[in-house]
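Taking it in order: structure first as structure tokens, then the write-up.
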Amino acid sequence: MGMDVRRLAAAVVVAAVTVLAVQLGGVSGNLVFKVENKFRIGGKERTLSALKAHDDRRRGRILSVDLPMGGNGHPSETGLYFAKIGLGSPSKDYYVQVDTGSDILWVNCAGCSKCPTKSDLGIELTLFDPAKSETSGEVGCNDDYCISTYDGELPGCKSGIDCQYSVTYGDGSSTSGYFVKDYVQLEQVTGNLQTGKLNTSIIFGCGAKQSGDLGSSSEAAVDGILGFGQANSSMLSQLAAAGKVKKEFAHCLDVVKGGGIFAIGDVVSPIVSTTPLVPNMPHYNVNLKAVEVGGDVLQLPTDLFETGGQRGTIIDSGTTLAYLPSDLFEPLLTKIMDRQQGLQLHMVEDQFSCFKFSLNVDDGFPAVKFHFENSLTLTVYPHEYLFLIREDTWCIGWQNGGVQSHDGKQTILLGDLVLSSKLVVYDMDNQTIGWTEYNCSSSIKIKDEKSGAVYSVGAHNISLAFSLTAGRFLTYLLVLFAMVQILCKLN
């Protein structure tokens, strides 16, 4: 009888482990991506230096991109959120940063020089090996994709030469490699909060060499970058050209809990008001008309609202804070602090203006409203542009882009500071972008183009989902072992 109990216990444990494996193996995401905030992994503290360094690198990428080979296929350096996708046959999981400011998808590949080998984001890094994928194919420099990406055939191109990419960023970091063609595995929406595997062939970058922060740091290391820009080289454009998806996507990024909603498809609920995208721009530029602080419209120079060259207003979910030209930053900050003139500002880490305040910041400070073309308004509340670094000490998230050493000092760059708790919808077919205040821990509704059915798509948090599942499993195991011990004593 004792042996039977032990066998029963072993069988129960094996079954429990199997359940855990099934639970941990399931992923979800027309298409859905599980997303994670890199500053919220495993309870890791979001330091000011990490935020600022992240944005410095991002701003360098956006405004100081070096494409020695030409074209507009420029991957980003680091992004705030990452998603899990599958690549190759058999499919393996890769964690890629989601970036609306770049175009191509690329991952680090086998044989890569100075690629990161570990990450402090709580994920396991994997090098993609084309030789071990049954469906991998080469992309030559005379391939239509390569010619389209670089607006013509590259000099010296001949049969047998790979289509390569090379990018140097504003901070000196760089990535280079070659393009390959293989299957990507995504999560296709099949029902309410349900998904199924979608395998389709795309062309993506195979990273062969990294330098600077892309290769030397494990702080924000992931397997690659998933660009959601407008160029034909992007994964979204390729899927749309193949008739797989509509060229529309949405994100609702939860900067407090991490993760959120990220999906490709026709969002039908909630309905968002939109503003036109500025045509023929490499990023998601919009026409800003006015800035209002606490009900008062700021009197600003008219050229601040122009677009072109190094001017304009960019919506970029890959940037944590918000960067404003001096002509906007100074009057905006003055107006914000007018209500609390007795506060003593002090610098933290030589970068952030901070102060002590023990009351409710939404009661003590004004909301900031950005007014765009078509009467679309983006409201930023005090608890969104102020952040708490310790008990009763708050810092100001607005940053003066005019004192930065980067190009684009006259560019208004609106990142997650202004996009938090908002569903943002990008519609490339209609060349619009829109948003609405939303609970990013809830769900949205997406219409299936073929059937006309409407399905709910929910929020995800990769690390949180893992920890909760594992935690429930460990609790379950403890209960099982306790039951086994009781049975053994009885026998």
Side-chain angles (χ1 to χ4, degrees), residues 27-37 79-85 96-103 105 186-195 198 226-230 234-237 239-240 244-255 257-277 283-284 286 314-319 372 374 376 378 414-416 418-449 453-462:
V27 291
S28 116
N30 307 175
L31 297 177
V32 177
F33 300 88
K34 288 186 176 181
V35 292
E36 175 60 75
N37 183 321
L80 183 57
Y81 290 84
F82 62 88
K84 183 168 72 172
I85 62 174
V96 289
Q97 294 176 346
V98 177
D99 180 24
T100 61
S102 67
D103 297 310
L105 162 65
L186 303 170
E187 297 295 327
Q188 183 177 18
V189 178
T190 57
N192 287 322
L193 306 179
Q194 297 178 350
T195 61
L198 170 67
L226 175 55
F228 266 84
Q230 304 182 64
S234 72
M235 184 186 75
L236 178 63
S237 295
L239 294 176
K244 300 292 184 180
V245 299
K246 186 175 182 180
K247 208 171 181 181
E248 178 181 343
F249 69 93
H251 64 67
C252 194
L253 304 177
D254 193 330
V255 297
K257 297 180 180 179
I261 303 170
F262 200 109
I264 299 174
D266 185 9
V267 178
V268 295
S269 179
I271 297 174
V272 301
S273 298
T274 63
T275 188
L277 291 170
H283 305 291
Y284 293 106
V286 288
I314 297 174
I315 304 295
D316 186 356
S317 64
T319 298
F372 298 93
N374 281 7
L376 180 62
L378 183 65
L414 303 179
D416 288 329
V418 305
L419 301 177
S420 62
S421 301
K422 296 172 182 67
L423 175 69
V424 185
V425 178
Y426 304 72
D427 187 345
M428 268 70 79
D429 289 334
N430 294 309
Q431 281 293 287
T432 62
I433 184 172
W435 49 76
T436 186
E437 295 180 14
Y438 205 64
N439 177 6
C440 295
S441 297
S442 59
S443 63
I444 62 175
K445 293 187 181 298
I446 289 184
K447 180 181 179 180
D448 184 275
E449 291 296 307
V454 175
Y455 299 127
S456 295
V457 174
H460 301 282
N461 186 319
I462 294 173

**Request:** Supply the atom-to-atom distance S421 OG to E437 CD, rounded to the nearest 0.5 angstrom.
**Result:** 8.0 Å

**Item:** Set of residues satisfying side-chain hydrogen bond (donor to acceptor under 3.5 Å, both in side chains) with respect to K244, sequence neighbours excluded
**Value:** none

**Request:** Return the minimal non-hydrogen interatomic distance between L193 and G458, and the atom names on each side.
**Result:** CD2-N, 3.5 Å

**side chain to side chain contact (heavy atoms under 4.5 Å, CB included) partners for V268, two or more places apart** = D266, K445, K447, V454

**Complete:** Closest non-hydrogen contact found for S234 with G227 is CB-O, 4.1 Å

**Message:** I'd like to know whether L186 forms a side chain to side chain contact (heavy atoms under 4.5 Å, CB included) with I85, so could you lay out the CA-CA distance, the side-chain angles of the two residues, the decisive distance to 0.1 Å, and finally the verdict.
**Reply:** CA-CA 6 Å; L186 303 170; I85 62 174; 3.8 Å; yes

**Fill in**
Residues S442 and I261: closest non-hydrogen pair is O-CD1, 3.7 Å

**Asked** Rounded to the nearest 0.5 Å, how far apart are CE of M235 and CG of D103?
**Response** 12.5 Å

**Request:** List in chain and number order the residues that pass side-chain hydrogen bond (donor to acceptor under 3.5 Å, both in side chains) with S441, two or more places apart in sequence or in another chain; answer none if no residue qualifies.
**Result:** D254

**Request:** Any chance you could measure W435, atom CH2, to S273, atom OG, to the nearest 0.5 Å?
**Result:** 10.0 Å

**Message:** Is there a ring-ring contact (aromatic ring centres under 6.0 Å, His included) between F249 and F33? Walk through the geometry before answering.
**Reply:** CA-CA 11 Å; F249 69 93; F33 300 88; 9.3 Å; no

**Item:** Minimum heavy-atom distance V457-A263, with the two atoms named
**Value:** CG1-CB, 4.3 Å

**Message:** Which residues pass the ring-ring contact (aromatic ring centres under 6.0 Å, His included) test with Y455, not counting sequence neighbours?
**Reply:** none

**Complete:** Across all chains, not counting sequence neighbours, the side-chain hydrogen bond (donor to acceptor under 3.5 Å, both in side chains) partners of Q230 are Q431

**Asked** If we only count heavy atoms from C-beta on, is the L419 to I315 side-chain gap below 4.5 Å?
**Response** yes

Report all side-chain donor-acceptor pairs from residues 422-430 shorter than 3.5 Å, counting only partners two or more places apart or in another chain.
unit_1, atom_1, unit_2, atom_2, d
K422, NZ, T379, O, 3.2
K422, NZ, V418, O, 3.2
K422, NZ, S420, O, 3.2
Y426, OH, H251, NE2, 2.8
D427, OD1, D429, N, 3.2
D427, OD1, N430, N, 3.2
D427, OD2, N430, ND2, 2.8

**Request:** Compare every heavy atom of P270 with every heavy atom of I444, then report the nearest pair and how far apart it is.
**Result:** CG2-CD, 4.0 Å

**Fill in**
d(T100 OG1, I433 CD1) to nearest 0.5 Å is 7.5 Å

**Request:** Quick one: do D416 and L253 satisfy side chain to side chain contact (heavy atoms under 4.5 Å, CB included)? Show the steps, please.
**Result:** CA-CA 8 Å; D416 288 329; L253 304 177; 3.9 Å; yes

**Asked** So, does N192 use its side chain to make a donor-acceptor pair with the main chain of S456 at under 3.5 Å?
**Response** yes

**Request:** Compare every heavy atom of K246 with every heavy atom of I264, then report the nearest pair and how far apart it is.
**Result:** CG2-O, 3.7 Å

**Request:** Carefully, step by step, assess L239 and L31 under the rule side chain to side chain contact (heavy atoms under 4.5 Å, CB included).
**Result:** CA-CA 11 Å; L239 294 176; L31 297 177; 3.9 Å; yes

**Message:** Distance check, rounded to the nearest 0.5 Å: D99 atom CG versus L105 atom CG?
**Reply:** 11.5 Å

**Prompt:** How many angstroms lie between CZ in F372 and CG in L414, if you round to the nearest 0.5 Å?
**Reply:** 5.5 Å

**Request:** Report the C-alpha distance between V272 and Y438 in whole Å, list the side-chain angles of each, state the deciding distance to 0.1 Å, and finish with yes or no for side chain to side chain contact (heavy atoms under 4.5 Å, CB included).
**Result:** CA-CA 10 Å; V272 301; Y438 205 64; over 6 Å; no

